[in-house]
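Working notes, structure below.
Values below: all heavy atoms of this structure, side chains included; hydrogens, waters and symmetry mates excluded. What you see is a predicted model; the values in this text were computed from it and never measured. Chain A is the first sequence line, chain B the second, and so forth, proteins listed ahead of strands; every chain is numbered from 1.
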Protein chains: 2
Amino acid sequence: MNPVATPSLSTRERILDAAEHLFAQHGFAGTSMRQLTAAAGVNLAAVNYHFGSKDKLIAEVFQRRLDTMYQARLAALKRALATTPPQLEDVLRAFVEPALDLIHDGGSAFLRVMAHAYAETNEPLWRFLSERYGHVLREFGLALAQCLPDADRDTLHLRLDFLAGALTYAMSDLGLPRGADRAATREDQMRYQRIADELIVFSAAGFRAAFLPKPR
Amino acid sequence: MNPVATPSLSTRERILDAAEHLFAQHGFAGTSMRQLTAAAGVNLAAVNYHFGSKDKLIAEVFQRRLDTMYQARLAALKRALATTPPQLEDVLRAFVEPALDLIHDGGSAFLRVMAHAYAETNEPLWRFLSERYGHVLREFGLALAQCLPDADRDTLHLRLDFLAGALTYAMSDLGLPRGADRAATREDQMRYQRIADELIVFSAAGFRAAFLPKPR
DNA sequence: GTCTATAAAGTGATAGAC
DNA sequence: GTCTATCACTTTATAGAC
């Protein structure tokens, strides 16, 4: 149906784009190099030439998007922390909106790739993600503690997990039946913006909920 | 490390248990019949004899847990609707706690299997889930509308998606590095109970949050 | 109901020509 | 940097003995 991706991009980029879309739909193990190179319109051997192996290609698919996304999260968090005390909604927006920005960059499928990563037990991948981006999550934890001084650390961490789950799940819901070369439509963007706004309202209320008595 | 599962179970059940744990860790495509039958301590040909094919085995892994879980959700929802107006927390608990019950049945890995299903684009599987359990989700939608008469349907549906995402993600976080034959420990159960309680508090506040003006 | 053996196709990776 | 051809394996599934 859509065998060849935009030919104006470099071979390397076409492989990454095709990989992102196929990984989103079928997972890592469920996507073969043959499918992938056919969809990208490149030769089978090109993946190993440009990336070395399938595993290294997977890591590159993550790094390409997450470097940008976590940098944006950190920058937005810094801006939110400029006001004292920081506003909870601003901190949450700093977490959520960079995920939204993926859509403008043609990376709408990537959130579903993240969902696959969450579902899997892939030690090397998890260590890679944790080492490279863990400090940003820790900074969000500190910022949330500033917004909600009554909260204990465990509960805040749990609530941040709820937010991450809701974000990944609700956002990857969309943007699926699309070829590797099609940009997000205006409607897609509005729908995603709506989800982001609703998620901030929903989670802000959740974060402000009364804290349960510490167990034990 | 743990090649043979409990031998007191029938071949069929040992296959299902091994499949559930391996699917949880590596997904469907990432789990081979050879791995699976070796872990279950049964012959390679046994899967095809008992289930017909790998795909039918996958469907059976879902059906075994979801039939119980959705029946429990529906029963708990009925109880919550006995009081008028129904209490939001009761409705949310009816949705969340049956997932928790999986742990007592040794199905703690199953929530991660669900996470894989969400991440994937598997048309037949989605149709199966939607046809078999969709009506329960619609009943939850109606119940939530009774609890929150000011809400519009779209927003409620979105917030229910947030809850489902947070539930799947936060609950599948745990219960992983366990052999197919080990039961959940008392600590596991307490930790899961804590997550469930916190999730109900968090999402109840989220559901009660002010509703954004309708877009457009 | 369980086994062995094997068919038929697909897998990631690479050597070597151009 | 791109290609073809191919290696060495693994995959699901099944035929047929016991």
Does this structure show an ion pair linking [X] with [Y], if we count only N-O contacts that are shorter than 4.0 Å?
X        : Y        : result
A:Arg112 : B:Glu120 : no
B:Arg73  : B:Asp101 : no
A:Arg79  : A:Asp90  : no

Inset, instruction - Sorted by first residue and then second, give each side-chain hydrogen bond (donor to acceptor under 3.5 Å, both in side chains) pair with at least one member in residues 155-167 of chain A; sequence neighbours left out. - result: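 Found A:Asp152-A:Thr155, A:Thr155-B:Arg194.
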Take atom [atom1] of [X] and atom [atom2] of [N], then tell me their distance rounded to the nearest Å.
X       : N      : atom1 : atom2 : answer
A:Phe51 : D:dG1  : CZ    : C1'   : 14 Å
B:Leu57 : D:dT11 : CG    : P     : 15 Å
B:Leu36 : D:dT11 : CG    : P     : 11 Å
B:Met33 : C:dA7  : CE    : C1'   : 15 Å
A:Lys56 : C:dG12 : NZ    : P     : 16 Å

Inset, instruction - Look at the side-chain N and O atoms of A:Ser32 and state whether any lies under 4.0 Å from the OP1 or OP2 oxygen of C:dT11. - result: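 Yes, within the criterion.
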Legend entry - Straight-line distance of A:Tyr133 OH to A:Phe128 CZ, nearest 0.5 Å: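 Output value for this atom pair is 5.0 Å.
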Legend entry - Distance (rounded to the nearest 0.5 Å) between A:Phe28 CZ and A:His116 NE2: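 Result: 7.0 Å between the selected atoms.
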Where do N or O atoms of nucleotides 2-8 of chain D meet protein N or O atoms at under 3.5 Å, pair by pair?
from	atom 1	to	atom 2	distance (Å)
D:dT2	OP1	A:Thr11	OG1	2.9
D:dT2	OP2	A:His50	NE2	3.0
D:dC3	OP2	A:Asn43	N	3.4
D:dT4	OP2	A:Asn43	ND2	3.3

Inset, instruction - Take A:Asn48 and A:Gln35, find for each the nucleotide of DNA chain C with the closest heavy atom, and name the residue whose nucleotide sits nearer the 5' end. - result: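 It is A:Gln35 whose nearest nucleotide is closer to the 5' end.
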